[in-house]
Every structure is written in structure tokens, then in C-alpha cells.
Protein chains: 4
Amino acid sequence: MAGVNKVILVGNLGSDPEIKYLEGDNAVANFSIATTEAYKNRNGERVEQTEWHDLEMWGAQAKIAEQYLKKGSQIYVEGKLKTDKWQDEQGQNRYRTKIRVLSFTMLGGKPDGATSGSPSATPQATQQKPASAAPTAAPKAQEMVTDAEDDDLPF
Amino acid sequence: MAGVNKVILVGNLGSDPEIKYLEGDNAVANFSIATTEAYKNRNGERVEQTEWHDLEMWGAQAKIAEQYLKKGSQIYVEGKLKTDKWQDEQGQNRYRTKIRVLSFTMLGGKPDGATSGSPSATPQATQQKPASAAPTAAPKAQEMVTDAEDDDLPF
Amino acid sequence: MAGVNKVILVGNLGSDPEIKYLEGDNAVANFSIATTEAYKNRNGERVEQTEWHDLEMWGAQAKIAEQYLKKGSQIYVEGKLKTDKWQDEQGQNRYRTKIRVLSFTMLGGKPDGATSGSPSATPQATQQKPASAAPTAAPKAQEMVTDAEDDDLPF
Amino acid sequence: MAGVNKVILVGNLGSDPEIKYLEGDNAVANFSIATTEAYKNRNGERVEQTEWHDLEMWGAQAKIAEQYLKKGSQIYVEGKLKTDKWQDEQGQNRYRTKIRVLSFTMLGGKPDGATSGSPSATPQATQQKPASAAPTAAPKAQEMVTDAEDDDLPF
DNA sequence: TTTT
DNA sequence: TTTT
């Protein structure tokens with residue numbers, strides 16, 4: 001029963017996070033990151049291999065992602081694998097694996113477009129975001145952002 | 001472009017490894033392991049959540065897996081995520097994520113059926129395995145088994 | 001400022017945990033685990049290299065360690081590095097690095113001496129342990145044991 | 001006997017790497033990186049805790065470190081713990097723990113002073129470096145740099 | 001000794 | 001499909 005299910009990634013966002021606000025001031029963010037590996041093949045040629053990973057963040061994390069992460073951002077991510085399995089209309093098994101993020105941190109220098117060097121410089125409000133989600137004393141994405149709710153919400 | 005793509009698992013095999021021997025004395029092993037997480041829900045009830053992970057091992061690793069791992073074995077695994085994407089007959093995107101194992105080690109005490117405490121005590125030959133695959137000086141699964149070919153074969 | 005400080009170990013206890021009970025029902029457990037690596041040297045001889053790691057656990061974790069872990073137990077550990085630095089009487093810098101455990105889980109089959117297969121079968125009370133530390137509904141060490149207090153006590 | 005001894009760090013160099021060239025074109029690089037953790041204490045005040053880690057790299061890795069890493073660089077590091085133990089003149093046990101780096105990658109955008117965005121743009125030769133160490137087709141530090149020699153040199 |  |  002003892003189990004360890006851990007994923008560690010360093011990669012770049014393929015697009016801005018997509019965030020959905022749910023009842024009770026909850027939120028989910030979804031986005032993909034690419035990890036690229038370079039190696040030499042048998043002919044000594046350099047080859048690049050890119051792998052895409054679907055990430056999912058919940059709650060405060062999602063809101064921070066919305067504020068600070070965007071297409072191209074480089075992040076360190078720690079999470080766990082979750083595979084959804086269902087049957088399609090043809091009765092065939094379908095699978096989709098994503099990484100439920102437990103903590104992440106932004107890497108690299110100032111985010112692009114930041115003027116002061118602080119990532120909190122440009123918290124862009126979005127129409128879609130209800131007032132209650134206003135980031136009062138939000139941590140910054142350059143600190144480790146952990147998922148407080150993981151204990152009782154392991155979905 | 002810098003990338004890290006790392007998975008760390010501790011879990012139990014759901015079935016014996018399936019091994020396929022390929023041309024040139026190469027081999028692949030496939031099997032799944034379960035990681036189980038226990039937590040308390042909002043009502044204070046204990047809930048278990050099991051996640052299944054599809055593993056793939058190549059070369060010498062695959063042969064060691066065949067020899068030493070079986071249904072129920074507990075292993076520590078380190079690897080990387082690889083997602084296959086293709087289109088089915090309906091033209092829909094299909095995905096399947098597996099873990100390409102880079103190293104693993106057997107956990108726990110003596111493997112079942114071992115008399116001396118050494119896992120190398122019972123290298124059972126199988127019909128399916130060609131002679132060339134005979135484990136001459138095979139490492140044991142209770143040591144760390146690494147994938148020597150990973151450098152130029154990152155498929 | 002973004003930082004990651006993570007240690008992952010699988011090893012065996014060199015001795016029973018030493019536990020100290022502190023004011024306010026707090027507790028610390030200290031013990032070492034060995035990780036052994038086997039490799040072939042230039043002459044093709046098999047060499048074993050053992051590394052010892054000093055672990056420190058706090059609070060409920062420490063109590064669980066006291067209950068379930070003993071000399072020889074195999075565990076998976078996740079934690080962070082902490083180095084104490086001080087000056088000795090000669091004014092020389094002295095260093096000691098330990099791993100502050102954030103979560104751990106027992107590996108392998110039934111713990112030695114367990115009759116029913118449940119590790120909770122033998123919660124041995126010790127003289128040294130104050131009554132208040134009695135494990136009412138203690139988690140088992142074969143589940144992942146996490147350090148709830150890590151957030152505001154990162155010493 | 002199965003063992004896992006793994007360290008994962010993301011931090012910043014406290015100083016330029018110190019490299020020593022040895023016989024046979026071998027080389028070692030030593031330097032420290034800081035990992036900083038921020039948390040709120042009981043009074044709700046934000047506290048920062050910095051941990052310093054001593055890293056050691058060998059061979060080609062050391063040469064790449066010399067070329068591309070400098071004070072302040074942010075890196076992702078994977079390695080293993082190694083503790084030296086000896087007795088000082090007073091006969092007391094002394095310990096020093098370092099991380100033997102197995103792979104690393106530079107994080108963040110273009111290195112400071114790079115014009116083209118390629119870190120290989122400024123391979124500064126140093127007096128101390130023998131000709132044989134000239135980086136002919138050196139990997140870049142923004143790719144994963146692995147320690148090829150680890151298999152038979154686990155010191 | 002770094003970084004924000 | 002595992003394990004406790």
C-alpha cells in the first residue's frame with residue numbers, strides 16, 4: 001500500500017494558462033509545458049525530442065498561475081500522475097494522463113514585460129475572474145507555491 | 001530548452017512483466033504498477049485512491065525484469081514520461097502515456113521462492129527467451145538497474 | 001529566490017530511532033540510514049559503497065518512527081538538506097548535514113515480528129514516552145507519513 | 001542493499017566555480033549554491049531561510065561549469081550525497097557533506113552578457129586551463145549535462 | 001557566498 | 001491488475 005507517485009518537471013508553457021472559476025471561489029488552471037531533450041543519434045547528429053505534459057492546478061495555485069505564468073514561462077513543477085480512463089461512443093477504452101501539480105516555482109529572471117523586476121508588478125485582472133478571487137496577499141510564483149488542499153482533495 | 005522530465009514511483013506490479021524479444025538480441029518489457037494513496041475525506045472517512053502506471057523497459061533491464069519481477073513485486077522506479085499521440089479511425093486524437101524506465105530496484109525482503117536470500121538464486125529460463133538472452137553476468141534487481149542505452153535511444 | 005531543496009532516499013536503518021520528547025507534547029526522532037551502491041571498478045571487480053545519512057523527524061512523524069521503524073527497516077524518505085555550522089573551541093568551522101524528513105513510508109513486507117501482518121499490531125509503549133504521546137489514531141508507517149508542521153517550522 | 005541516494009536542487013551559485021585540472025585531462029569543479037525558502041512564522045511574519053550546498057562536478061561537466069556558470073547563475077542539479085568523515089588533530093570526528101553532481105542544466109534566459117542568446121557565444125579561455133581541455137564540441141549548459149563517468153568512478 |  |  002505504501003506508494004510514491006511523483007513527477008518533477010522543468011519546462012516552458014506552450015500557452016497561457018486556462019483558468020476556470022468554480023462555485024465556492026474555487027478555481028482550476030490547465031496548461032501544457034514542454035520538456036526538450038537533446039541527444040546524438042547513431043550517426044552523430046544532434047536530435048531534439050520534445051515531450052508535452054498536461055498540468056492541472058487547483059485553488060490558490062490556479063490563481064497564481066493565472067497571474068504570473070504565461071506562454072513561454074519556465075517553471076519547476078512537482079506533482080503526481082493522474083490518468084483518466086473512460087469509454088468512448090465505440091465502447092473503446094480511452095486514456096488521458098495529466099499531472100496534478102502539488103508545488104511549482106517560476107524560474108529564470110524577471111518575467112518578460114515586467115518593468116520593476118517584480119512579478120507582482122502586473123497582476124492583470126480578467127473579466128472572467130470574480131471579485132472574490134482578487135489576490136489580496138498572494139504569494140509570488142517565484143516562491144514555491146504549494147497546494148494546501150491536497151490532503152483532502154486528491155482528485 | 002533546458003528540460004527535466006522525471007518520474008519517481010514506488011508501487012506493486014499488477015501482473016508479471018510481458019517481454020518481447022526483438023531482432024538483434026534487444027528486448028522490451030511492459031507492465032503496470034499501482035501506487036495507492038490513503039487520505040481522509042471531508043467526513044473523516046479513510047479513502048484509498050489507486051493510480052495505475054504503464055511502464056516500459058528496454059534491453060538488459062527488460063531481461064532482468066523478466067527474471068526477477070512478478071505480479072505483486074514492489075519496486076522503486078525512476079523514468080521519464082512519454083506520451084504517444086495518434087489518430088484513430090474516426091480521426092480523433094488518441095493519447096497514451098507511459099513511463100520509460102531509466103532505473104529501478106526491487107524493494108522489500110527476499111523475493112518469494114528464494115531460498116538463500118539472493119534473487120540470483122532462481123534465474124528461471126523461459127521457452128520464449130532466445131538463447132542469446134541468457135543472463136551471463138546479469139545484475140540483480142535488488143541493485144539499481146540502469147538503462148545503459150538511454151543516451152542514444154530516447155524513444 | 002525560487003529554490004528547490006529535495007532529497008530522496010531508499011535505505012535501511014542502521015539502528016533503532018532515538019526519540020526525545022520535548023515540552024508541549026512535541027518529539028524529535030533521529031537515526032541514520034544506509035544507501036548502498038554497487039558498481040564495477042576498472043578491473044571489473046564488484047565494489048560496494050555505502051553512504052550513511054542522518055535523518056531527523058519531528059512531531060507525529062517522530063512518534064510513528066518510534067513505533068514502527070527499527071534497525072534494519074527499509075524506508076523511502078523525502079526531505080530537505082539542512083547543514084548546521086558552528087565554531088568549535090579551536091575556532092574552526094564545523095559542519096554537520098542532516099536530512100529533515102518531510103515524508104516517509106515503510107517498504108517491504110510485514111515488519112519483522114509482526115504476527116497479523118499489520119504494523120499496528122505491536123505499539124510498544126516505552127517508559128520514556130509521556131502518556132500524552134499515546135498513539136490514539138496514528139497513521140501507519142506503511143502509508144505515506146507527512147510532516148504537517150513543515151509550513152511554519154522549517155528549522 | 002537496494003539503495004536510492006538522490007538530491008534535486010534549484011538554486012543560485014554563490015561564487016564562480018573553482019576548477020582544478022588534474023592529470024590525464026581530468027578536472028573537478030567545486031562551488032556552492034543557495035536554496036532559499038520563504039515561510040510565515042507564528043506571528044505571520046515572512047521569514048527567509050537560506051541553505052548552502054557544496055557541489056562537486058567531474059570531467060567534462062566540470063569544464064562546462066567553468067565555461068558557462070558563474071556567480072549568481074541559477075541551475076537545476078541532480079546528484080547524490082557524499083559525506084567525508086575524518087579525524088582532526090584532536091582526534092574528533094569531523095564531517096563534511098557535499099553533493100556529487102550527476103547532471104545539471106542552466107535555468108532562466110540568456111546568460112548575462114550573451115548577445116545572441118546562445119551560451120556558447122562566450123567561451124572564455126582561461127590561463128589555467130590546459131590546451132587539451134579546449135571545448136571542441138562541448139554540450140551547452142542549457143542542455144542537460146550528465147556525468148558519463150559516474151559508472152566506474154563513484155567517489 | 002546567491003537570488004527576489 | 002497490485003499492495004495493506
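Numbered from 1 within each chain, the chains take letters A, B, ... in sequence-line order.
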Which nucleotide wins on minimum distance to the side chain of B:Ser32, given the candidates E:dT1, E:dT2, F:dT1?
F:dT1
Quick note, D:Ser15 side chain, CB onward, closest among E:dT2, E:dT1, F:dT2 is E:dT1
Rounded to whole Å, please give me the gap between NE2 in D:His53 and P in E:dT1.
17 Å
B:Asp16 CG to F:dT1 C1': how many Å, rounded?
11 Å
Classify B:Ile33 by what it touches in the nucleic acid, base, sugar-phosphate, or nothing, heavy-atom distance under 4.0 Å.
nothing
Taken in chain and number order and not counting sequence neighbours, the residues that satisfy side-chain contact (heavy atoms from CB on, under 4.5 Å) with B:Ala34 are B:Thr50, B:Trp52
Using a heavy-atom cut-off of under 4.0 Å over every strand shown, decide if D:Ser73 touches base, sugar-phosphate, or nothing.
nothing
Output the single nucleotide from E:dT3, F:dT2, E:dT1 whose closest atom is nearest the side chain of B:Thr36.
F:dT2
For B:Glu45, give me all partners under side-chain contact (heavy atoms from CB on, under 4.5 Å), at least two apart in sequence or on another chain.
B:Asn41, B:Asn43
Nearest-Å distance, CD1 (B:Ile75) to P (F:dT1)?
19 Å
Side chain of D:Trp52: nearest nucleotide among F:dT1, E:dT1, F:dT3?
E:dT1
Determine, for C:Lys80 against D:Glu37, whether the closest basic-nitrogen to carboxylate-oxygen distance falls under 4.0 angstrom.
yes
Rounded to whole angstrom units, what separation is found between the CD atom of B:Gln74 and the C1' atom of F:dT2?
10 Å
Length of the OH-C1' vector between A:Tyr95 and F:dT1, whole Å
11 Å
What integer distance in Å separates B:Met106:CE from F:dT3:P?
13 Å
For A:Leu107 and E:dT2, what is the distance between atoms CG and P respectively, to the nearest whole Å?
20 Å
Please state how far atom NZ in D:Lys71 lies from atom P in E:dT2, giving the value in whole angstrom units.
5 Å
Between the side chains of A:Thr146 and A:Ser103, does any donor sit under 3.5 Å from an acceptor?
no
